[in-house]
Amino acid sequence: MNSNKKKGLTAASLIVLLLIIDQAIKLAVKLNMTLGESIHIFDWFQIEFVENNGMAWGMELGSKLFLSLFRIFAVVGLIWYVRGRIKKGARMAYIVVLSMICAGAAGNIFDSLIYGQIFTASTPYYIEGAIPSTLTTWGEGYAPMLMGKVVDMFYFPLFTGTFPDWMPLCGGQSFVFFSPVFNFADACISVGVITILLFFRKDFNGWIPEKR
């Protein structure tokens, strides 16, 4: 097996593995927890079931349909880019990092594409008789295709504090650091991007694959 084929197989295998891990975690949360329910692991780490319409880390940007389509085009572009980098002989480590980003983006697309079709709506924990979501017949779920909500669960409230009184707008208010709730796919994207910025900036400079 030549070097490029090995890199391609490594990239494909890693993407599939990370997708399986991401979806396994999400399914475990979706099928066993009610919306907003929290499992206290440590003071600084909790499993908290949250759903969102937005991008990574629960951010919101435009309509849900726009976000879903944007994610699909982004993943297609990433796959094209990775393929080009492999042909150009990029380092294996760089291909691995790019594969992490691809897997993370694809993981959240899967939620939007499929979950609304196959799951009943999640019930908030504070409603009497709340039960976890269940699998249903394809097409009878809580939302149309591309409109499903992304499942988040990792919450790291590392410490709490109070802003100084002299600070404008937020003076005297309490805060939590680190407050976003995220998922495994978000972590793959973030770790991949940070790793590129720290260690692979030179590799990224030649980002447009040459035409053959």
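- Centroid-to-centroid, the aromatic rings of F200 and F204 stay 6.0 Å apart or farther.
- Heavy-atom minimum distance, N32 versus A28: ND2-O, 2.7 Å.
- What you find for I15 and C102 is that their closest heavy atoms are CD1-CB, 3.9 Å.
- The local environment of OH in Y125 is sparse, with at most 12 non-hydrogen atoms from other residues, nucleotides or ligands closer than 6.0 Å.
- Using modelled atom types, no side-chain atom of K7 and backbone atom of R85 make a donor-acceptor pair closer than 3.5 Å.
- In the hydrophobic clustering of this structure, F110 groups with L69; members are Ile, Leu, Val, Met, Phe, Trp, Tyr whose side-chain heavy atoms approach within less than 4.5 Å, directly or through other members.
- A continuous path of ILVMFWY side-chain contacts below 4.5 Å connects F199 to V193, so both sit in one hydrophobic cluster.
- The two residues P157 and F45 make their nearest non-hydrogen contact at CD-N, 4.2 Å.
- Side-chain atoms of Y155 and I39, non-hydrogen and from C-beta on, never get closer than 4.5 Å to each other.
- A continuous path of Ile, Leu, Val, Met, Phe, Trp and Tyr side chains, each step under 4.5 Å between heavy atoms, connects F159 with F42, placing both in one hydrophobic cluster.
- Relative orientation of the Y81 and Y94 rings is perpendicular, given thresholds of 30° and 60° on the angle between their planes.
- Remark: F73 CZ is loosely packed, at most 12 non-hydrogen atoms of other residues, nucleotides or ligands lying under 6.0 Å away.
- Between the CG atom in L98 and the OG1 atom in T195 there is a gap of 10.5 Å [rounded to 0.5 Å].
- In this structure, NE2 in H40 is found 6.0 Å from CD in Q46, a value given to the nearest 0.5 Å.
- Residues I25 and F154 meet the side-chain proximity criterion, which asks for heavy atoms closer than 4.5 Å.
- Side-chain atoms of K26 and N108 include a donor-acceptor pair closer than 3.5 Å.
- Both L158 and V191 belong to a common hydrophobic cluster when Ile, Leu, Val, Met, Phe, Trp and Tyr are linked at side-chain heavy-atom distances under 4.5 angstrom.
- Using a 4.5 Å heavy-atom threshold, the side chains of M147 and S112 count as separate.
- A distance of 11.0 Å separates OG of S99 from CG of L17, quoted to the nearest 0.5 Å.
- At least one donor-acceptor pair closer than 3.5 Å links the side chain of T120 to the backbone N or O of T134.
- Under a 3.5 Å cut-off, the side chain of D165 and the backbone N or O of G171 do not form any donor-acceptor pair.
- Taking CG from D186 and CG from D22, the interatomic distance works out to 8.5 Å, rounded to the nearest 0.5 Å.
- In this structure, S133 and S122 approach most closely via the heavy-atom pair CB-OG, 3.8 Å.
- Contact of the P132 side chain with the L31 side chain is not registered, since no non-hydrogen atoms from C-beta on lie closer than 4.5 Å.
- Residues W138 and I118 form a side-chain contact, since some pair of their non-hydrogen atoms from C-beta on lies under 4.5 Å apart.
- In this structure, the side chain of E51 does not engage the main chain of L35 through any donor-acceptor pair within 3.5 Å.
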Subject >> V50 vs M153, side chain to side chain contact (heavy atoms under 4.5 Å, CB included): CA-CA, chis, key distance, verdict >> reply: CA-CA 6 Å; V50 174; M153 73 293 296; over 6 Å; no
**OP:** Test I101 against I196 for side chain to side chain contact (heavy atoms under 4.5 Å, CB included), laying out the working first.
**Re:** CA-CA 10 Å; I101 297 173; I196 287 175; 3.7 Å; yes
**OP:** Any chance you could lay out the side chain to side chain contact (heavy atoms under 4.5 Å, CB included) test for L135 and F119, step after step, and finish with the verdict?
**Re:** CA-CA 5 Å; L135 286 167; F119 285 114; 3.5 Å; yes
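- The backbone N or O of A130 lies less than 3.5 Å from no partner atom in the side chain of T123, so there is not a single donor-acceptor pair.
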Original post:
Could you walk me through whether S68 and I109 pass the side chain to side chain contact (heavy atoms under 4.5 Å, CB included) check?
Top reply: CA-CA 7 Å; S68 297; I109 286 175; over 6 Å; no
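- Using a 4.5 Å cut-off on side-chain heavy atoms (C-beta onward), M33 and I47 make contact.
- Taking the side chain as every heavy atom from C-beta outward, K6 and S3 never approach each other to under 4.5 Å.
- By the criterion of side-chain heavy atoms lying less than 4.5 angstrom apart, applied directly or through intervening Ile, Leu, Val, Met, Phe, Trp or Tyr residues, L78 is not grouped with V16; the two fall into different hydrophobic clusters.
- Among K30, R71, Q23, the one residue that satisfies the side chain to side chain donor-acceptor pair (under 3.5 Å) test with D111 is Q23.
- How far CG of L19 is from CZ of F184: 9.5 Å, rounded to the nearest 0.5 Å.
- Nearest heavy-atom pair, L18 versus C188, reported as atom, atom and distance to 0.1 Å: CD1-SG, 4.2 Å.
- With contacts defined as side-chain heavy-atom distances shorter than 4.5 Å, the pair V96/L14 qualifies.
- Separation of atoms NZ (K88) and CZ (R83) is listed at 14.0 Å; rounding is to 0.5 Å.
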